[in-house]
Amino acid sequence: MNSIYSIIMVKPRLYSLVLFRSKSIQSTAPAEYCAGLVRKFDYENFICTLLLNSNTRSLAFAVRAFNIEVARVQDNVSDMKIGRMRLQFWLETIDSIFKNEVRDHPVVQELHRALLNHKSKELFKKNLKSLVTSRIEPITSSTFKTLEDMERYSELSVSPVHYMILQGAGMSNVHADHAASHLGKAQGLMNLMRSLPHAAKTRVLPLPQDLLIKHGLSQEKVIRGQGGGSLRDVVFDVASRAKQHLEKARSLKQNCPSGCATIFLPSICLDNYLTKLQLSEFDILDNRLQKRSAILPLRLYWNKLLGRF
C-alpha cells in the first residue's frame, strides 16, 4: 500500500513526518509551515495535495498556504482600512517574490523557492494577484447582490489555485484550464455556504440578495436562527449551481491530460459534501455537516488509482 496513504488512514499525526522526510522534498521549516497551515485550515485539500506527485506537491502546498493567509485577512480584522492594508501588503509581497526580494515569512520563502525554476512566471504572478484582489471587495461589502456575483468571486478566489498547480505540473491545456475554472466556481460557492454557521455569529452572511428576496428571507432571520425552510431553499439554489459547475468540469475530463485527474481530486471532496448536504435536506446548519468523513481518504486514493475526478 502506498506509504503516504497508509499514514493518512492509520497515523494522522505523522503526516508531516512522511511528507518532509521524503527524499524528493527538501526538509525545511517554511515547507512544514505551509503544509501545517493547509492541514489546519483546509483539511480536505491537504489530503488531496498529499496525493500529488512529489514534483508538484511542494508548489501546491505553497500556493494553498498563500491563499489561506490571504483569505484569513477578512476573518482576522474588523476594521476595513486595516484589512485593505494587509491585502496591499500581500500584493507588494507578490511583486517582491518575482524580484527575488524574499520577505521574512515562511509562506513567502516557500513560494519563492517553489517558483524559482518554473517558467511562465508572469502567469503565476497574475494568478497570485487574483487571489488577493478578489478579496478586496468582500472586505468593503459583506454581501453579494446576485448568485452570479458569488460565482465571479468564487472563480477569482479559488480557480487560480488550480491554474497554478496545473502550471507547476507542466500541464498547459485549454480544456484543463476550463475544467479548473468550473471546479473553482463550484468549490468557491460551497466554501461560502460552509462558512455560514460561523458567519451567522459574526453577522456577516455570504448569501446573495437576489435569492434572499426570491425566497422571502432576511439576513436578520438567518442570524437569529429562524431561516427555516426559506434558508434551505437558498442553500438548495446555491448547491444546485455548484453541482452544475462540478458536472461541467467532469464533462471535460476526456480532453484533459491524464495527470489532471489527481490535481482535480478536490472534486471528490466537493461531491461528498454535496451528497451529505442533500441527505440533510439542505440544512446548512446541521452539525453533522461539520464532521470529517472517515472514508474520504479511501475514496480519494481509490479515485487517484482509477484516474478519476
Side-chain angles (χ1 to χ4, degrees), residues 40-46 67-68 70-78 80 83 131 134-159 161 183-246 266-267 269-293 296:
K40 180 177 181 180
F41 292 102
D42 195 2
Y43 180 77
E44 291 177 352
N45 281 321
F46 172 77
N67 197 33
I68 289 169
V70 173
R72 291 178 64 212
V73 169
Q74 186 175 15
D75 296 332
N76 294 334
V77 299
S78 56
M80 179 182 66
L131 296 179
S134 65
R135 266 80 184 203
I136 293 176
E137 186 173 349
I139 287 256
T140 59
S141 175
S142 61
T143 60
F144 296 99
K145 291 183 178 180
T146 66
L147 180 54
E148 287 69 30
D149 289 338
M150 285 182 71
E151 284 181 307
R152 282 190 288 272
Y153 170 77
S154 298
E155 182 173 23
L156 292 172
S157 63
V158 181
S159 297
V161 172
L183 178 55
K185 289 178 182 178
Q187 278 188 287
L189 287 173
M190 294 319 299
N191 286 346
L192 289 166
M193 290 296 94
R194 294 174 79 166
S195 72
L196 192 60
H198 169 73
K201 298 176 184 178
T202 63
R203 305 181 68 84
V204 179
L205 303 182
L207 296 172
Q209 293 177 11
D210 61 341
L211 292 186
L212 292 176
I213 294 171
K214 174 184 175 181
H215 296 292
L217 181 64
S218 69
Q219 293 207 21
E220 280 301 316
K221 283 186 177 181
V222 178
I223 292 169
R224 292 197 300 265
Q226 300 173 352
S230 295
L231 178 58
R232 294 186 188 213
D233 290 338
V234 171
V235 173
F236 172 80
D237 286 352
V238 178
S240 296
R241 187 67 63 88
K243 183 68 171 180
Q244 290 172 14
H245 285 298
L246 175 60
S267 64
C269 303
L270 177 59
D271 199 20
N272 179 69
Y273 182 80
L274 286 171
T275 299
K276 291 196 299 181
L277 185 60
Q278 184 177 12
L279 291 173
S280 74
E281 298 181 343
F282 300 95
D283 180 6
I284 198 71
L285 302 179
D286 189 331
N287 290 331
R288 291 174 295 181
L289 294 173
Q290 306 300 321
K291 295 180 180 179
R292 293 175 180 174
S293 170
L296 182 60

Asks: Applying salt bridge (Lys or Arg N to Asp or Glu O under 4.0 Å), can you list everything that pairs with R224, at least two apart in sequence or on another chain?
Replies: E220
Asks: Tell me, yes or no, whether the heavy-atom count around F41 atom CZ, taken from other residues, nucleotides or ligands under 6.0 Å, exceeds 12.
Replies: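 Enclosed: over 12 neighbouring heavy atoms sit under 6.0 Å from CZ of F41.
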Asks: Return the CG to CG distance between L274 and L189, rounded to the nearest 0.5 Å.
Replies: 10.0 Å
Asks: Any side-chain heavy atom of S154 within less than 4.5 Å of one from N191?
Replies: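 They are not in side-chain contact.
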Asks: Looking at side-chain heavy atoms only, is the closest gap between R135 and N67 below 4.5 Å?
Replies: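 They are in side-chain contact.
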Asks: Nearest 0.5 Å, please: how far is CZ in R292 from SG in C269?
Replies: 11.5 Å
Asks: So which pairs with a foot in residues 215-234 pass ring pair (Phe, Tyr, Trp, His ring centres under 6.0 Å), sequence neighbours left out?
Replies: none
Asks: Can you list everything that forms a ring pair (Phe, Tyr, Trp, His ring centres under 6.0 Å) with Y153? Sequence neighbours excluded, please.
Replies: F144
Asks: Within a reach of under 6.0 Å around NZ of K145, are more than 12 heavy atoms found that belong to other residues, nucleotides or ligands?
Replies: no
Asks: Output all residues satisfying salt bridge (Lys or Arg N to Asp or Glu O under 4.0 Å) with D271, sequence neighbours left out; order by chain, then residue number.
Replies: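 If we apply the salt bridge (Lys or Arg N to Asp or Glu O under 4.0 Å) test to D271, skipping adjacent residues, the hits are K243, R250.
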Asks: Which atom pair, heavy atoms only, marks the closest approach of L207 to M193?
Replies: CD2-CE, 3.5 Å
Asks: Which heavy atom of P208 sits nearest to which heavy atom of L147, and what is that distance?
Replies: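 Scanning both residues, the minimum pair turns out to be CB-N, 3.6 Å.
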Asks: Can you sort out the partners of Q209 under side chain to side chain donor-acceptor pair (under 3.5 Å), two or more places apart, ordered by chain and number?
Replies: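 Q209: side chain to side chain donor-acceptor pair (under 3.5 Å) contacts with T143.
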Asks: Heavy-atom distance under 4.5 Å between the side chains of L196 and L231, does that happen here?
Replies: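 L196 vs L231: side chains touch.
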Asks: Would you indicate whether Q278, at its atom CD, is surrounded by more than 12 heavy atoms from other residues, nucleotides or ligands within a distance under 6.0 Å?
Replies: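 Result for CD/Q278: open.
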Asks: Does any non-hydrogen side-chain atom of L183 lie less than 4.5 Å from one of S159?
Replies: no
Asks: OG of S280 to OH of Y273: how many Å apart, nearest 0.5 Å?
Replies: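 S280 OG to Y273 OH: 7.0 Å, rounded to 0.5 Å.
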Asks: Does a side-chain N-to-carboxylate-O contact under 4.0 Å join D283 and R232?
Replies: yes
Asks: I'd like to check the side-chain contact (heavy atoms from CB on, under 4.5 Å) partners of L156; sequence neighbours left out, ordered by chain and number.
Replies: S130, S134
Asks: Distance check, rounded to the nearest 0.5 Å: N272 atom CG versus T275 atom OG1?
Replies: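 So the CG of N272 and the OG1 of T275 are separated by 6.5 Å.
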Asks: What heavy-atom pair brings L131 and S157 nearest, and what distance separates the two atoms?
Replies: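 Nearest pair, atom of L131 first, then S157: CD2-O, 3.4 Å.
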Asks: Can you see which heavy atom on M190 is nearest to which on L270, and at what distance?
Replies: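 The answer is CG-CD1, 3.5 Å.
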Asks: Donor-acceptor check, side chain of K276 to backbone of K291, threshold 3.5 angstrom: yes or no?
Replies: yes
Asks: Looking at R194 and I284, what are the two nearest heavy atoms and their distance?
Replies: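 Looks like N-CD1, 4.5 Å.
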Asks: Checking R241 side chain against D237 main chain: does a donor-acceptor pair fall under 3.5 Å?
Replies: no
Asks: What closest approach, in Å, do G188 and V158 show between heavy atoms, and which atom pair accounts for it?
Replies: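 So the minimum-distance heavy-atom pair works out to CA-CG2, 3.8 Å.
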Asks: Just wondering, do E148 and D210 contact through their side chains at under 4.5 Å, heavy atoms?
Replies: yes
Asks: Checking Q187 against N45 for the side chain to side chain contact (heavy atoms under 4.5 Å, CB included) test, could you report, in this order, the C-alpha distance in whole Å, the side-chain angles of both residues, the deciding distance, and whether it holds?
Replies: CA-CA 11 Å; Q187 278 188 287; N45 281 321; 3.8 Å; yes
